[in-house]
2 protein chains.
Amino acid sequence: MRSGTKKDGNEKRPRGRPRAYDPETALRQAAEVFWKTGYSGTSLDDISAATGMNRPSLRAAFGDKHEIYVKALNDYWELKFAALDKAFGSGGGLFETLTRVYDAALSIYFSGGDQVLGCFVVGTAITETAGDPEIQSIVAEGFHNIDADFEARFKLARAAGELKQGADPKALALLASATMHTLAIRARAGTSRNELRKLAHKAASVICG
Amino acid sequence: MRSGTKKDGNEKRPRGRPRAYDPETALRQAAEVFWKTGYSGTSLDDISAATGMNRPSLRAAFGDKHEIYVKALNDYWELKFAALDKAFGSGGGLFETLTRVYDAALSIYFSGGDQVLGCFVVGTAITETAGDPEIQSIVAEGFHNIDADFEARFKLARAAGELKQGADPKALALLASATMHTLAIRARAGTSRNELRKLAHKAASVICG
DNA sequence: AAGTTTTTATGCGATCTGGTACAAAAAAAG
DNA sequence: CTTTTTTTGTACCAGATCGCATAAAAACTT
């Protein structure tokens, strides 16, 4: 962790020809293409065009197509977890927290410049999970993390009296995750951001009782 | 409707060489391959191998790759709607109906022989919706239908006193659809059928209040 | 200035992919 | 039996796709 996140400036230059690109931005650009056209629908030439790197440089930097995709997928989870952690950790009541979480998710789902791309995982990785155990386990682990985040928050809410004592935090967490999944799916299927915000609002209302 | 669903036997034979395949089963076999490897991940050779038809015959029967996929997609919606209609229309209380609906969905999601493929729409079409308006509208319309089915059932339940008068049928319908979406996603991501049944049970419990 | 190291850039080869042209096959019709 | 009609099966084409081999470029080292 924390090896090249910020440019140090006073770092000793490596020996050979300097890179003509920034690995982080290049990977982000590659992820953008995958996000739009999916894993199988994206060629190395597409990635090459999006990053400005030629194929041999791509390979040297990130490995083959599958490795690039896995790196992009992990990056996406990191981005999403960071956004959710912030949304979960900003205080406020249960309903407020839920709507903040869903707004954070929608911000990502609608972050594509012109097009709406939804969730990278739901929109592209789910297709690959059948037939790709590595991607499947990365996806499953991410879902598990989010389920756990929701469950912890509902336990807290029950302890704080925001939910009735009989409430089942695990059941509510599954519904909360389900709501996020339906947002992800519907965003890519063309539902507007405003409608999805209303949808999230209604769902949160029911979940909070 | 009802033109060639069942073999009539006493039908006049067409003029030329008879087909060596049954169009319906061939399309179902093609859909199976798409279901497993997605639209872009499936080649015409894959479909050719799965159906036993060669590419020219495929084209003559169903059109190009995109047309084949759209036909498979529409077929899937028909299959799913039929299953859901049956589950919705078999009487019983609200909770019973919901669990029957989710069981029907799971039966489809786990219908792949060896592998679990989840929902054809969520598992393959969602990826294509970005960049393919035709697929996007087919998907969106299907979701809308299911939302409406759920809403109608919740309205009925509220009128019958199964829900408190203040319940919002539309909000509940969105959560019910969200539950189906999360089942579809998680099935493909590797969650077992038993766990998903329990998940659906918990979700239905919360939704029914 | 010459050598070393690392990256970039071009290009080649093998395979895959989608589509189609064309001949052979299988049936009914005359 | 010949003709007509429709489907099948083989083969081919053009372009995409991926990986790699190899040369050129750009930096540091001595």
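First the proteins, then the strands, lettered A, B, ... as listed; each starts at 1. Quick caveat: nothing in here was measured; it's all calculated off a predicted structure.
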Quick check on dT7(C): is either OP1 or OP2 less than 4.0 Å from any side-chain nitrogen or oxygen of Tyr21(A)? no
Can you check the Leu58(A) CG to dT6(C) P distance for me, whole Å? 20 Å
With Phe120(B) as partner, the option from Tyr76(B), Tyr109(B), Phe34(B) fulfilling ring-ring contact (aromatic ring centres under 6.0 Å, His included) is Tyr76(B)
Integer-rounded Å distance: dG19(C) P and Ile47(B) CD1: 10 Å
Indicate whether any N or O donor in one side chain lies under 3.5 Å from an N or O acceptor in the other, for Thr51(A) and Arg28(A). no
Protein heavy-atom contacts under 4.0 Å, written 5' to 3' over nucleotides 20-30 of chain C as B (base), S (sugar-phosphate only) or - (none), form the string BB---BBBBS-
Euclidean distance, Met180(A) CE relative to Leu106(A) CG, rounded to 0.5 Å: 10.0 Å
Taken to the nearest whole Å, CG/Asp22(B) to P/dT7(D) is 14 Å
Heteroatom pairs (N/O) under 3.5 angstrom, protein to nucleotides 14-17 of chain D:
none

Should the pair Asp46(A)-Lys65(A) be classified as a salt bridge under the 4.0 Å nitrogen-to-oxygen rule? no
Residues two or more places apart in sequence or in another chain: which of them pass ring-ring contact (aromatic ring centres under 6.0 Å, His included) with Tyr21(A)? none
State whether Asn54(A) places a side-chain N or O below 4.0 Å from either non-bridging phosphate oxygen (OP1 or OP2) of dA9(C). yes
Is there a donor-acceptor contact under 3.5 Å linking the side chains of Thr124(B) and Tyr69(B)? yes
Output the rounded distance in Å from CE (Met53(A)) to P (dG19(D)). 14 Å
Take Lys80(A) and Asp75(A) through the test side chain to side chain contact (heavy atoms under 4.5 Å, CB included) and record every step on the way to the result. CA-CA 9 Å; Lys80(A) 180 123 189 206; Asp75(A) 260 25; over 6 Å; no
Any carboxylate oxygen within less than 4.0 angstrom of a Lys/Arg side-chain nitrogen, looking at Glu151(B) and Lys155(B)? yes
Integer-rounded Å distance: dT5(C) C1' and Arg19(A) CZ: 14 Å
